[in-house]
Amino acid sequence: MVKVLFFARLRQQLGRGEMTLADFSGSLGDLRETLCEQHPDWRAHLQREDIRMAVNQALADTGERVQAGDEVAFFPPVTGG
């Protein structure tokens, strides 16, 4: 099982803060595509170039391997001021 978290405005846009995927194995890019296939209305939000991704609380790119027990997070860039 892979735990997937959505933070900040993504949480509001997708209508949920977390979910789990059973039996997933593949890259972070594969996981993102799987989510978009399961929820086509999420594609515009998850495929944005400024969306950041992390695996087990470490920033990761689309090639990062995701496996059972991992926690994946999607979040928009954070700005301060």
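For the numbers below, each heavy atom of this structure counts, side chains included, while hydrogens, waters and symmetry mates do not. Numbers for residues simply follow the sequence, beginning at 1.
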List the atom of Ile51, the atom of His45, and the distance in Å for their closest heavy-atom pair.
CG1-O, 3.3 Å
Compare every heavy atom of Leu5 with every heavy atom of Glu18, then report the nearest pair and how far apart it is.
CB-CD2, 3.5 Å
How about Met19 and His39: do any of their side-chain heavy atoms sit closer than 4.5 Å?
yes
What one should report as the nearest heavy-atom pair of Met53 and Asp61 is CE-C, 4.4 Å
Residues Arg43, Arg48; criterion side-chain contact (heavy atoms from CB on, under 4.5 Å); working and verdict:
CA-CA 8 Å; Arg43 185 172 300 276; Arg48 290 179 49 143; over 6 Å; no
Take Val2 and Val72, measure what side-chain contact (heavy atoms from CB on, under 4.5 Å) needs, and give me the verdict at the end.
CA-CA 7 Å; Val2 175; Val72 173; 3.9 Å; yes
Determine whether Cys36 and Gln47 make a side-chain contact, defined as any pair of heavy atoms from C-beta on separated by less than 4.5 Å.
yes
Tell me the closest heavy-atom pair linking Val66 and Ser27, and the distance in Å.
CG2-C, 4.1 Å
Please report the interatomic distance CZ(Arg65) to CG(Leu31), rounded to the nearest 0.5 Å.
11.5 Å
Should the heavy atoms of other residues, nucleotides or ligands under 6.0 Å from CG of Asp41 be counted, would the total exceed 12?
yes
Quick check: closest heavy atoms across Leu59 and Phe75, and the distance to 0.1 Å?
CD2-CZ, 3.5 Å
Does any part of the side chain of Leu35, heavy atoms only, come nearer than 4.5 Å to the side chain of Val4, both counted from C-beta?
yes
Rounded to the nearest 0.5 angstrom, the CZ-CG distance for Arg52 and Leu10 is 12.0 Å
Nearest 0.5 angstrom please: Trp42 CH2 to Leu14 CG, how far?
5.5 Å
Indicate yes or no: does Arg32 engage Glu37 in a salt bridge with an N to O separation below 4.0 Å.
no
Taking atom CG of Asp70 and atom CG of Asn56, what is their separation to the nearest 0.5 Å?
4.0 Å
Using a 4.5 Å cut-off on heavy atoms from C-beta on, say whether the side chain of Phe6 contacts that of Arg16.
yes
Take a 6.0 Å sphere around CD of Gln57 and say whether it holds more than 12 heavy atoms from other residues, nucleotides or ligands.
no
Shortest non-hydrogen contact from Arg11 to Gly17?
CG-CA, 4.0 Å
